[in-house]
2 protein chains.
Amino acid sequence: MTLPERTVERLSEYRRSLLQCLEEGKTHIFSHELAELHHNTAVQVRRDIMFIGYTSMQRKGYDLRELVDVIGDILDSERGLNVAVIGIGNLGRAVTTYFVGKRSKLNIIATFDVDTTKIDRVISGVKCYPLSRLNEVVKAQQISIAILTVPADSAAEVTAQLVEADIKGLMNFTTVPLNVPPDVYLDEFDMITSLEKVAYFVKSPQN
Amino acid sequence: MTLPERTVERLSEYRRSLLQCLEEGKTHIFSHELAELHHNTAVQVRRDIMFIGYTSMQRKGYDLRELVDVIGDILDSERGLNVAVIGIGNLGRAVTTYFVGKRSKLNIIATFDVDTTKIDRVISGVKCYPLSRLNEVVKAQQISIAILTVPADSAAEVTAQLVEADIKGLMNFTTVPLNVPPDVYLDEFDMITSLEKVAYFVKSPQN
DNA sequence: TTGAATCTGTGATTTAATTAACAATATTTT
DNA sequence: AAAATATTGTTAATTAAATCACAGATTCAA
Ligand SMILES: NC(=O)c1ccc[n+]([C@@H]2O[C@H](COP(=O)([O-])OP(=O)(O)OC[C@H]3O[C@@H](n4cnc5c(N)ncnc54)[C@H](O)[C@@H]3O)[C@@H](O)[C@H]2O)c1
Ligand SMILES: NC(=O)c1ccc[n+]([C@@H]2O[C@H](COP(=O)([O-])OP(=O)(O)OC[C@H]3O[C@@H](n4cnc5c(N)ncnc54)[C@H](O)[C@@H]3O)[C@@H](O)[C@H]2O)c1
């Protein structure tokens, strides 16, 4: 079964709302309630849930616990996945600190840099390795995902090394577009573009 | 004329590549060259350029300088737009430092926080104001865009204040979905979702 | 216990975005 | 200067995503 990309994203978002609701003591939720928590419609929610093959007790809404579990079955790997942050500057540190706080199936277990003043330091409990040890550490620690926060001018080169080290997923925060082979999943977040888009729509409102 | 959202994003990306090419002394670029710099096709590039009504000298490729200017006419506001960062913690500081380095039409000119140890401090040349002065400063400095990097549990409340202060564009980095009136443009970047999506596609490759 | 109301699941339709296909035009080659 | 080649601009076709529309299923109200 192959899920639409947007559906995958929304499932991740739904899950957090659902967990929140559980904490508040709720046990069930209607599609229109979940829709309202996101900027979304009830049909969209039902369609997404249909994709993952979950069906609710009619008229009672979705069972929060069950739905969270089904989403987990879809999104999570049994034993979690290991993640490395490459380039532990301002952004890399913020991201590392943020994620290490969360208990989740995604574990940031190593960071890499070339700056000798950073190497061997521990940030939020995660050790910083020299980039030269990338291959070795990635293999030893079974890291499959990298978060790229190196300066723009080394992005391409470091990416080649990551591919070489057999990384399978890459989240790119640098503002240079990267090329990876088709078996590596790449997600890029270009902050400049995002801001420029906001600016465009502020300047030229659409309605 | 109303541009597809994805086209707006790509134009922003193209522009940076074009400027890069200009610096390297090039004067023209073919659609397939530009496509190759992004992960993109020549048709897509031409289609995007068609949307903005620019047409090249046939067979010579696009004139870099002209194309950059046309994209600027579309994306930029004449006098630039003023931006504030709300919540000057790890991420807020990284973003502020990053953007202040760039000369661009988007000027981060104020930051806001509630932590008294941060208020009145200057980060990368930008002063931090108490959130209580939001309305006043936003009006005085004609700030139209906000970057939201406050803790999740204050996101909704702060957003209401931003809307009240008549902010017209909002880039949300918190991982809670926000509700804003239709005349406020909202872009959300949910880092958890992005990473979970990468993890999903690593776990379940699509081909 | 019938009728109205509420909510889900899904086929059909619409809309948005991408890709294919190709005519038009300029350049190069012979 | 005719033929071959390269590149653009655009119409048409395709694909992906979102929305509509409505048939069931269940509950509630009288
Ligand atoms: N800071 C932001 O908010 C922000 C916003 C948008 C984009 N970015 C992008 O994210 C990247 C990092 O931004 P930053 O502000 O953290 O920069 P930074 O300069 O603070 O950090 C970069 C880090 O990467 C390290 N580094 C350099 N070369 C390396 C290499 N070859 N291998 C591994 N590490 C290497 C440096 O030592 C440094 O620690 C940049 O590409 C930037 O364009 C950052
Ligand atoms: N750090 C990351 O990489 C990262 C990643 C994903 C999401 N986020 C989100 O971004 C936000 C900020 O993350 P962070 O790591 O910078 O957190 P942080 O705790 O370092 O910073 C939060 C800042 O907001 C300030 N603040 C608190 N309440 C405020 C209010 N009402 N008004 C203005 N300022 C207020 C705090 O004083 C602090 O300076 C969080 O919502 C987090 O979920 C951060």
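Quick note: numbers below take in every heavy atom, side chains included, and nothing from hydrogens, waters or symmetry partners. Keep in mind that what you see is a predicted model, and the values were worked out from it rather than measured. Convention: sequence-line order gives letters A, B, ...; per-chain numbering from 1.
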Nearest-0.5 Å distance that lies between atom CG in B/Leu81 and atom NZ in B/Lys168: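 So the CG of B/Leu81 and the NZ of B/Lys168 are separated by 13.0 Å.
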Out of curiosity, A/Leu3 CG to B/Tyr200 OH, how far, rounded to the nearest 0.5 Å?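 These two atoms lie 4.0 Å from each other.
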Send over the distance from [X] [atom1] to [N] [atom2], rounded to a whole Å.
X	N	atom1	atom2	answer
A/Ile52	C/dT10	CD1	P	13 Å
A/Tyr62	C/dC7	OH	C1'	9 Å
A/Asn40	D/dC20	CG	P	13 Å
A/Leu3	D/dA18	CG	P	12 Å
A/Met50	C/dA12	CE	P	12 Å
B/Arg10	C/dA17	CZ	P	9 Å
A/Arg6	C/dT18	CZ	C1'	17 Å
B/Phe30	D/dA6	CZ	P	11 Å

Main-chain N/O of A/Asp115 paired with A/Asp113 side-chain donor or acceptor, under 3.5 Å: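 Side chain of A/Asp113 to backbone of A/Asp115: a pair is present.
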What does A/Thr55 touch in the nucleic acid at a heavy-atom separation under 4.0 angstrom: a base, only the sugar-phosphate, or nothing?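 If one applies the 4.0 Å heavy-atom cut-off, A/Thr55 turns out to touch the sugar-phosphate alone, with no base involved.
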Which part of the nucleic acid, if any, lies within contact of B/Ser31, taking any heavy atom under 4.0 Å across all strands shown: a base, the sugar-phosphate backbone alone, or nothing?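 Sugar-phosphate, no base atom in range.
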Charged N-O contact under 4.0 Å between A/Glu33 and A/Lys26: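 Looking at A/Lys26 together with A/Glu33, the answer is yes, because their closest N to O distance falls below 4.0 Å.
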Nucleotide nearest [X] when distance is taken to its side chain, options [options]:
X	options	value
A/Thr41	D/dT10, C/dT10, D/dT19	D/dT19
A/Arg47	C/dA26, C/dG11, D/dT8	C/dG11
A/Gln44	C/dA17, D/dT19, C/dT18	D/dT19
B/Val43	C/dA20, C/dG9, C/dA26	C/dA20
B/Arg59	D/dA17, C/dA26, D/dT8	C/dA26

Please check the phosphate of C/dG9 (OP1 and OP2 only) for any side-chain N or O of A/Ser56 closer than 4.0 Å.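 Yes, such a contact exists.
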Using heavy-atom distances to pick each residue's nearest nucleotide on DNA chain D, tell me which of B/Lys60 and A/Arg46 is more 5'.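 Here B/Lys60 is the residue nearer the 5' end.
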Are side-chain heavy atoms of A/Arg65 and A/Leu22 found at a separation under 4.5 Å?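 Yes, close enough: below the 4.5 Å cut-off.
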